[in-house]
Asks: 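Take this structure, written in structure tokens, and hold onto it; I'll ask about it next.
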Amino acid sequence: MPPSFRPVRVCLLGGGRDDDHVVPLLTDALVGAGRVRVLLVIEADDHESVPRWRRLAQLAGADAEVVSLVEGDRFETEDVQDIDALVVGGGLTPAYARAFADVAPLVRERVAGGMPYIGFSAGSAIAASSALVGGWRLDGVPVASEDAAEEEDELLVVPGLGLVPFAVDVHAAQWGTVTRLTAAVAAGLVPSGYGVDEHTALVVTDPGSTPTVAGLGAAWHVAPGGRSALVTRLTARG
């Protein structure tokens with residue numbers, strides 16, 4: 001481990017629309033952060049996400065700038081510089097992966113230097129080195145609901161931000177995406193993974209530590225087991 005290493009905090013939320021349960025998780029993740037930036041990738045006619053995230057940040061006690069791109073555009077270097085914490089929101093996950101492609105190395109560098117990263121739904125999924133960003137079939141066979149496909153057919157794994165070594169799927173219990181993640185691990189598309197429920201956070205305090213769970217629901221740990229996979233349900237309550 002290099003002597004310049006400092007513990008990092010990566011907080012990955014599984015989504016959810018109940019502000020009463022989302023705000024406490026954001027508050028804990030942003031403790032001590034001064035300059036906070038929220039990055040969003042939205043549809044052209046989305047007039048709700050930016051004011052919602054401004055409100056969530058204020059309720060969490062953060063003085064946050066909200067920057068949004070329309071799906072298809074990409075973030076630039078200045079979007080991830082000169083801040084103390086980065087929050088990445090939700091939306092179409094493949095669009096988020098494309099939007100961060102140019103700045104992923106800088107995000108990794110900033111997080112390795114101690115900048116907290118808080119992902120929410122799509123923002124959590126792209127935190128992985130190998131990011132599972134959508135799809136509902138594996139070799140043509142359904143492994144999840146088409147409603148959770150993110151406009152993809154076959155399971156799609158792309159390079160992510162590289163902040164965590166495992167894949168992350170979201171809305172786990174609510175959308176039934178644990179089966180998609182399990183199929184991806186069993187097929188060797190990703191090495192292992194966590195499916196995170198809504199109103200729940202998976203927290204990584206340093207690269208070598210075991211993630212912990214906070215919030216209402218569970219994180220479903222999926223590990224390879226021969227040609228199959230092993231699933232363990234983890235909660236904040238043990």
Side-chain angles (χ1 to χ4, degrees), residues 10-16 88 90-98 100-101 104 108 117 119-204 207-238:
V10 176
C11 183
L12 306 175
L13 281 70
V88 178
L92 187 64
T93 307
Y96 270 85
R98 289 190 291 270
F100 276 87
R108 283 195 297 274
Y117 176 94
F120 182 91
S121 189
S124 295
I126 67 168
S129 295
S130 296
L132 177 60
V133 298
W136 68 291
R137 300 181 196 261
L138 178 61
D139 296 330
V141 178
V143 294
S145 168
E146 188 175 2
D147 292 338
E150 303 270 11
E151 300 182 1
E152 301 291 336
D153 188 63
E154 285 285 312
L155 297 193
L156 180 61
V157 177
V158 301
L161 296 177
L163 306 182
V164 293
F166 46 79
V168 182
D169 216 330
V170 291
H171 307 282
Q174 290 75 20
W175 292 7
T177 55
V178 176
T179 57
R180 175 169 66 190
L181 180 59
T182 302
V185 172
L189 299 180
V190 295
S192 63
Y194 284 88
V196 187
D197 290 349
E198 293 181 0
H199 308 122
T200 306
L202 186 72
V203 181
V204 182
S209 68
T210 300
T212 58
V213 181
L216 291 183
W220 306 76
H221 180 227
V222 183
R227 292 188 297 174
S228 184
L230 306 174
V231 181
T232 305
R233 184 176 182 268
L234 309 173
T235 70
R237 296 170 296 281

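Computed from a predicted structure; not experimentally measured.
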Asks: Any side-chain heavy-atom pair from Val88 and Tyr117 closer than 4.5 angstrom?
Replies: yes
Asks: Compare all side-chain heavy atoms of Phe166 with those of Pro191 and state whether any distance is below 4.5 angstrom.
Replies: no
Asks: Within a strict 4.5 Å, meaning less than it, do heavy atoms of the Val213 and Leu202 side chains meet?
Replies: yes
Asks: With a 4.5 Å heavy-atom cut-off, do Leu156 and Val158 have their side chains touching?
Replies: yes
Asks: If every non-hydrogen atom of Ala131 is compared with every non-hydrogen atom of Gly160, which pair is closest and at what distance?
Replies: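 Residues Ala131 and Gly160, closest heavy atoms: CB-CA, 4.1 Å.
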Asks: Mind jotting down which residue pairs meet the side chain to side chain donor-acceptor pair (under 3.5 Å) criterion with at least one end in residues 176-194? Sequence neighbours excluded, please.
Replies: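 Output for this query lists Asp169-Arg180.
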Asks: Please check if any side-chain donor atom of Asp197 sits under 3.5 Å from a side-chain acceptor atom of Trp220, or the reverse.
Replies: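 Short answer, yes.
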Asks: What is the distance from atom CH2 of Trp136 to atom CH2 of Trp175, rounded to the nearest 0.5 Å?
Replies: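 Spacing of CH2 (Trp136) from CH2 (Trp175) equals 15.5 Å.
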Asks: Sub-3.5 Å donor-acceptor pair from the side chain of Gln174 to the main-chain atoms of Glu198, do we have one?
Replies: yes
Asks: Return the minimal non-hydrogen interatomic distance between Ala127 and Leu12, and the atom names on each side.
Replies: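 Reported closest heavy-atom pair: CB-CD2, 3.8 Å.
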Asks: Quick check: does any side chain N or O of Ser124 sit under 3.5 Å from a backbone N or O of Gly119, one acting as donor and the other as acceptor?
Replies: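 Looks like yes, one N/O pair under 3.5 Å.
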Asks: How many angstroms lie between CD1 in Ile126 and CG in Leu161, if you round to the nearest 0.5 Å?
Replies: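 If I round to the nearest 0.5 Å, the distance is 4.5 Å.
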Asks: For the CG atom of Leu230 and the NE2 atom of His221, what is their distance to the nearest 0.5 Å?
Replies: 9.5 Å
Asks: Is it true that, when you exclude Glu154 itself, more than 12 heavy atoms of the residues, nucleotides or ligands shown sit nearer than 6.0 Å to its CD?
Replies: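 Count over threshold, so yes.
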Asks: For Ser129 and Pro165, work out which heavy atoms get closest and say how close.
Replies: OG-CA, 4.3 Å
Asks: Less than 4.5 Å apart, any side-chain heavy atom of Leu181 and any of Leu132?
Replies: yes
Asks: Give me the atom names and distance for the closest heavy-atom approach of Val133 to Pro94.
Replies: O-CD, 3.4 Å
Asks: Do the side chains of Arg108 and Leu163 get nearer than 4.5 Å, heavy atoms only?
Replies: yes
Asks: Mind listing the closest non-hydrogen atom pair of Ser130 and Val157 along with its distance?
Replies: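 Scanning both residues, the minimum pair turns out to be CB-CG1, 3.8 Å.
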Asks: Taking all non-hydrogen atoms of both residues into account, name the closest pair between Gly15 and His171 and its distance.
Replies: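 Minimum heavy-atom separation between Gly15 and His171: CA-CE1, 3.8 Å.
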